[in-house]
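See below for the structure under consideration.
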Amino acid sequence: MKIATWNINGIKARLETVQTWLGSASPDIACFQEIKSVDEGFPAEIFEEIGYNVAVHGQKGFNGVAILSKLPFDEVIRGLPGDPDDAQSRYIEGVFSVPSGVVRVVDIYLPNGNPTDSEKFPYKLAWMERLKARVKELLSYEEPFVIAGDYNVIPTPEDVYDPAAWISDALFRPETRAQYQKLVNLGLTDAFRACHDEPHQFTFWDYQAGAWQKNHGIRIDHLLLSPQAADRLVSCDIDAEPRGWEKPSDHVPVVMELAV
DNA sequence: ATGTCACCTGCGAGGTGA
């Protein structure tokens with residue numbers, strides 16, 4: 001089965017682009033971030049007409065995540081556990097039955113964290129700590145799962161066109177990378193890096209300063225796999241093409257194939 | 001490069017977030 005992640009940067013502004021991409025890529029499951037819409041504003045019917053089940057965790061104006069799936073949802077969980085006061089919609093889980101058993105797909109929009117001298121940076125690090133706790137719990141089930149999304153983390157200097165330019169940014173700060181590494185060290189596999197070792201493979205190019213034309217990108221959209229999912233990994237690729245389309249998102253889809 | 005884009009309020013253009 002094909003599982004994709006894509007920060008679409010607003011469903012209202014991106015509906016046509018998303019429809020075009022779904023038509024050609026035809027993922028079995030698509031995890032979207034930054035839908036920037038409340039649940040009722042997300043055009044679920046349009047996706048249902050082309051064969052998808054839809055689960056949304058939206059928010060007015062900002063953030064928001066949604067999972068589209070050709071398989072029916074056995075279960076949906078909305079919100080990252082660990083802080084009942086957190087009102088930001090950045091987390092949704094779906095559980096699916098497959099021939100080999102069950103697959104859980106977690107869709108995250110990890111906080112950006114800039115500026116780093118504001119409350120946003122500690123919020124990011126605390127959110128990552130909560131994610132680690134949830135992952136520990138999921139690992140105890142010993143089932144295949146995928147955590148897909150916009151991590152807002154540049155894992156290594158190989159994943160940015162100019163490391164020096166990003167060193168003080170919340171996406172590349174040592175604290176951020178260390179916290180991400182702790183998460184991976186629980187026993188997760190970066191699906192893209194398991195399939196590709198070439199540097200400078202990017203998933204985001206800023207709208208500003210001709211970043212796309214100069215290939216000034218960063219790799220911040222990831223699919224992390226549990227051991228049981230990693231055993232079933234077939235391929236993982238970045239689809240950079242939509243970044244060159246009319247009215248693009250600043251992120252592009254990452255697509256993996258899982259043998260189920 | 002102070003560079004662009006999306007969304008909100010609310011009807012014009014500035015504020016927020018990325």
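Each chain gets a letter, A, B and so on, in the order the sequences are listed, and its residues count up from 1. Every heavy atom of this structure was used, including side-chain atoms; hydrogens, water molecules and symmetry mates were not.
Looking at heavy atoms from C-beta onward, A/Ile218 lies in side-chain contact with A/Trp166 at the 4.5 angstrom threshold. Between A/Leu131 and A/Ile108, some side-chain heavy-atom pair lies under the 4.5 Å cut-off. Residues A/Pro157 and A/Arg177 are in side-chain contact: their nearest non-hydrogen atoms beyond the backbone lie under 4.5 Å apart.
Taking atom C1' on both B/dC11 and B/dC7, the two are 16 Å apart, rounded to the nearest angstrom. Separation of the P atoms belonging to B/dG12 and B/dG17 is 26 Å when rounded to the nearest angstrom. With both ends at atom P, the span from B/dG10 to B/dT16 equals 15 Å, rounded to whole Å.
Using a 4.0 Å cut-off, no side-chain N or O of A/Lys36 falls inside it from OP1 or OP2 of B/dG17. Between B/dT4 and A/Lys247, no contact under 4.0 Å exists linking OP1 or OP2 to a side-chain N or O.
Here A/Arg243 lies out of heavy-atom contact (under 4.0 Å) with every strand. At a threshold of 4.0 angstrom between heavy atoms, the contacts of A/Phe204 with the nucleic acid are absent. Within 4.0 Å (heavy atoms only), A/Ala209 reaches at least one base atom of the nucleic acid.
With distances taken from any side-chain atom of A/Asn9 to the nucleotides B/dC8, B/dA6, B/dG17, the minimum falls on B/dA6. Listed nucleotides: B/dT9, B/dT4, B/dC7. Nearest to the side chain of A/Lys60: B/dT9. Nearest to the side-chain atoms of A/Tyr207 among the listed nucleotides B/dC8, B/dC5, B/dA18 stands B/dC5.
Ring-plane geometry between A/Tyr151 and A/Tyr180 is classed as perpendicular, the angle between the planes exceeding 60 degrees on a 0 to 90 degree scale with a lower cut at 30.
Taking the nucleotide of DNA chain B with the nearest heavy atom to each of A/Asp206 and A/Lys120, the more 5' of the two is matched to A/Asp206. Mapping A/Pro111 and A/Pro248 onto DNA chain B via the closest heavy atom, the residue that lands nearer the 5' end is A/Pro248.
A/Arg90 has its CZ atom 10 Å from the C1' atom of B/dG17, to the nearest Å. Taking atom NE2 of A/His216 as the reference point, atom P of B/dT4 lies 16 Å away to the nearest angstrom. Put simply, NZ on A/Lys12 is 14 Å from C1' on B/dT9, counting in whole angstrom units. Protein atom CG of A/Asn114 is 12 Å distant from nucleotide atom P of B/dG17, rounded to whole Å. As a whole-Å value, the separation of A/Glu34 CD from B/dT16 C1' is 12 Å. Atom CG of A/Leu15 and atom C1' of B/dC7 are 16 Å apart (whole Å). Spacing between atom CD of A/Glu246 and atom P of B/dA6 amounts to 12 Å, rounded to whole angstrom units. Spacing between atom CD of A/Gln33 and atom P of B/dA18 amounts to 14 Å, rounded to whole angstrom units.
Across A/Thr176 and A/Leu171, no two heavy atoms sit closer than the pair CG2-O, 4.2 Å.
The residues A/Arg134 and A/Glu93 are annotated as salt-bridged, a charged nitrogen and a carboxylate oxygen being separated by less than 4.0 angstrom.
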